[in-house]
Amino acid sequence: MSNPSRNFSLRNVNTSKPQLARTESQQSAAASDDYYSFSDQAPSSPDSLATIMQFRTANSHVPSPAMSQLQLTQEDSESQRPPTSSTVRFVEDRPANVSPISDATRSDGTARQSPSDYPGPSTTPGLDDSPYVRFAIDQITQDRTRGIQRTDSVSTTTTSDYPTDRLVWDEGLGYFTRTRTPIRHDIPPTRPSYTSPSPQALPQRAISVDPESFIAVDAPEQSLLYPPLDYLPLVLRPWALAVMIFCCLLMMAGIVFCNVWSRGEEGLWDYARQGGSRYFVLQFLPQIAAIPIIIWSFVIQAAIYRIAPFAMMSAERQQGLVMHRLPILSKNFIFPDLSHLQHGEALFGISLFTIWLSNFFAIPLLSCLFQAKYYVIDGQGVWRWASVQSVGWALVALYGFLTLGLVMLFVRFVSGWSGLMWDPVSLADLVSITQRSNILHDFEHSEIVPSVRESLDPRILRLGYWKLSSKAEIFYGIGEVDAPVRTPSLHQTGKSRESQPNGLAKVRFDLEHNGAFASDSQDNHLYSPTARYRWTPWFLRKIPVFIWIIIVFALFIAFVAVSFINDAIEGGFPPKLPTLPSADAFSSSNFLYSFLPALIGNVLFLAWQPIDVYFRALQPYAELSSPSGASAQKSILLSYPSSYPIQVTIQAVINRHFKVAWISVMSLLSIAIPVLAGGVFIALWYSSQDEIRISAFLPAFYALIGFCGLYAVSFLAIWPGRRRYLPHDITTLADLMSYLYQSPLLADKLLREPRSKTDLVTRLIIAPPSERDLPMYGFGIYVGRDGKEHLGIDRFHRPGRTDMLITTGTMK
């Protein structure tokens, strides 16, 4: 074993030169030789030597926290005197890389250092033997110390002052066990006070310091390394919102013009017949004109959901529940989502409500805006198209509310401050934001719980630039202000374990389920199929999907049968309601048979949008669950939820994600159902039967049947596969972070602190310098940074480690 004094990070004992000394002092052997603390201020030179700090035991046998480094010199002088109490002391120099901050002071006394914090020697090629050497040395010294009786002026009994709870990284030896449940901190931890040694007396000794904490800072101005945190998605930039506002105002102006002109000029246009260009313009074109506004509003609300948690954290305007209660995926479709109002972001909440109101009622109201009315002009009766006044002014109010909501967004983002360097649209973006966070310890074992939101405590978080209390380096990410680092290894700039030739010792997976969670009564351990395949959205589970398929096909068959039996559509059917238009051109039967079919079709259209949203969001996990992993472009860089409607279809076809491509196409094509349903029916006079009947415009009706059939068949494509099942939801930021909190990706030098999205993508799509092939990524059981097994996202293969265990392709 070459030069061990430079490699052992916890302690190095040279057993070849023990000295037995007897002294009159009441100093504990355990406290003097084995109880010392670590610090990040250890000498950086590899040849420098760390110092063991002696502790004196009080008469009551309670160890004092005060340190006295002068005791080393005193003991050297006293070792020649006849001793009265036995003390084993090893006087060899300690290695330089001992860190003087005790583990008890790290991360509120609970966080543990990762394997990368303890580099050690390796006498076996390809295997790091240092944990076993430390374990053996620890047992030897422990046994020797326990066998020595300490006699002093207070007690003559045999005692053992050797600390048996010292932290030794054991690489799976079972000597150190991490707590299973997430650690909650209701009050700030108390920091132990230490008496620093005199610099004049011991200038070469390391000094113990309090734990480092996060301090919020502003980025240096005009610095390329620290770009301004004002990025906004394209659709939320002021000029883009101004264009959307202009479109809404243009729609309002058109409706106001139709209402005013129709009332003052006795109609808009002569009615010619059912069908033709005029029929198309007044019965279908208004709904078609609303489609761009509806589709673009979906894009806007997706961007709001995506950046709202980050914007609220950067503005430090929150209630501590943003990360694990505020959704990042769109939910504002059939029912309005008021979660932003509940979390104190009124501008976002009101804006989303106005978007929902417009999307739900715009097409049904536009489909019954124009009706045919009988006018007497110059003594001659004529049928003319007229604007329904009540419907028109309702639409003006509807688009007025939407404009108001967009103006609120404009005001919210006019300053451009969002706390973001770029748009966080993928898992790789989340890695770059959370890789140096000081809240990762909260997520302990959260990857296998049914609900992450229930396992976390509220925390007031901030997104922005930070620095540590003892360092000048500035970094970016999510953190808790004035809280300890808690994960020191994420802030180390030195050589990490993953950069060493031998890497970490290989870990064998517990395929027989004999690990710490094997006896879990709730079957929540990592290898449990129940935990691994527990969650998918309720409307995409097998039983609900089966029910949807039956219902949709049954309704479609009934619709076709009723339409063609006894020529019900071709021959028309009685309206059962008054048909004669009022002075404002309102007809009860025309309104009912335009508004109601359009409303039903609009519900079908909106019901498809959550399916599209979740298939886009789940696709990276489906790729990561491939038995051999997936490339970065098809997994952690996928950004389907943020892509535009047609763009996502093209991207999915290129990536051979045909389910996503088809479902995204149907999310667009299904809007034809409310458009056609709202204009297909009209009340006409049937002279052969001498009555008014509701007639259908047959070309539009046949097209409606075709789109409804396509809609029904598309439900067969949403049958959920095994790869789209996860342990828990992915709706919030906390849900996503639970799959990453122990991933070596957070400390991977390949992903360390990118300064732009281009920089991040470039790092991921090229092979690392030390490897020939592009890395593959997976979702499965991997060895985390703490040396334990975790379920989540990491590189499928890392040198020196066992490949990730992905059960999707092996378990039936």
Side-chain angles (χ1 to χ4, degrees), residues 228-251 289-312 314-315 326-333 336-337 339-340 345 347-360 362 399 401-426 429-430 463 605-606 609-610 612-613 616-617 637-652 664 667-668 671 733 756-758:
L229 304 180
D230 57 357
Y231 181 88
L232 285 174
L234 177 66
V235 296
L236 294 182
R237 294 175 186 175
W239 67 266
L241 291 173
V243 171
M244 182 69 169
I245 292 172
F246 175 76
C247 292
C248 293
L249 293 176
L250 196 62
M251 197 76 173
I291 290 177
I293 296 178
I294 292 175
I295 298 301
W296 198 248
S297 69
F298 285 165
V299 178
I300 289 176
Q301 79 174 14
I304 294 174
Y305 275 95
R306 189 167 64 249
I307 74 165
F310 300 104
M312 294 172 67
S314 66
L326 200 63
I328 59 175
L329 297 177
S330 296
K331 301 173 60 177
N332 202 42
F333 298 111
D337 180 22
S339 57
H340 293 83
E345 191 59 56
L347 293 181
F348 286 156
I350 296 175
S351 300
L352 289 173
F353 179 76
T354 60
I355 289 175
W356 172 83
L357 201 65
S358 172
N359 292 342
F360 196 84
Y399 280 104
F401 281 123
L402 177 59
T403 303
L404 178 63
L406 295 173
V407 169
M408 289 183 176
L409 289 180
F410 183 91
V411 172
R412 176 66 173 81
F413 293 117
V414 70
S415 63
W417 184 259
S418 64
L420 295 169
M421 286 186 182
W422 62 81
D423 201 354
V425 297
S426 65
D429 298 322
L430 186 60
L463 174 65
F605 163 67
L606 294 176
Q609 303 310 310
D612 181 35
V613 168
R616 294 192 199 186
L637 282 177
L638 277 185
S639 57
Y640 288 156
S642 65
S643 298
Y644 303 136
I646 299 176
Q647 178 189 15
V648 66
T649 303
I650 298 173
Q651 292 175 343
S664 65
S667 70
L668 284 178
I671 200 172
L733 284 177
S756 68
K757 184 59 179 283
T758 303

Tell me, please, which residues at least two apart from Gln609 pass side chain to side chain donor-acceptor pair (under 3.5 Å).
-> none

What distance do Leu234 atom CG and Leu241 atom CG have between them, rounded to the nearest 0.5 Å?
-> 10.0 Å

Sorted by chain and number, sequence neighbours left out, salt bridge (Lys or Arg N to Asp or Glu O under 4.0 Å) with Lys331 holds for none

Tightest non-hydrogen contact, residues Lys757 and Val425, listed as NZ-CG2, 3.5 Å

So do Arg412 and Val414 actually touch side chain to side chain, heavy atoms under 4.5 Å?
-> no

For Thr649 and Ser664, does a side-chain donor sit closer than 3.5 Å to a side-chain acceptor?
-> yes

Heavy-atom side-chain contact between Cys248 and Ile245 under 4.5 Å = no

State, with a plain yes or no, whether a side-chain heavy atom of Val648 is found less than 4.5 Å away from one of Asp612.
-> no

Selection residues 297-306 - residue pairs positive for side chain to side chain donor-acceptor pair (under 3.5 Å), sequence neighbours left out = Ser297-Asn359, Gln301-Asn332, Tyr305-Asp337, Arg306-Asp423

Quick one: pull up CG in Leu352 and CD in Glu345 and give me the separation to the nearest 0.5 Å.
-> 10.0 Å

Do Leu236 and Ile307 have side chains that get closer than 4.5 Å, going by heavy atoms?
-> yes

So Leu229 and Leu420, side chain to side chain contact (heavy atoms under 4.5 Å, CB included) or not? Walk me through it.
-> CA-CA 5 Å; Leu229 304 180; Leu420 295 169; over 6 Å; no

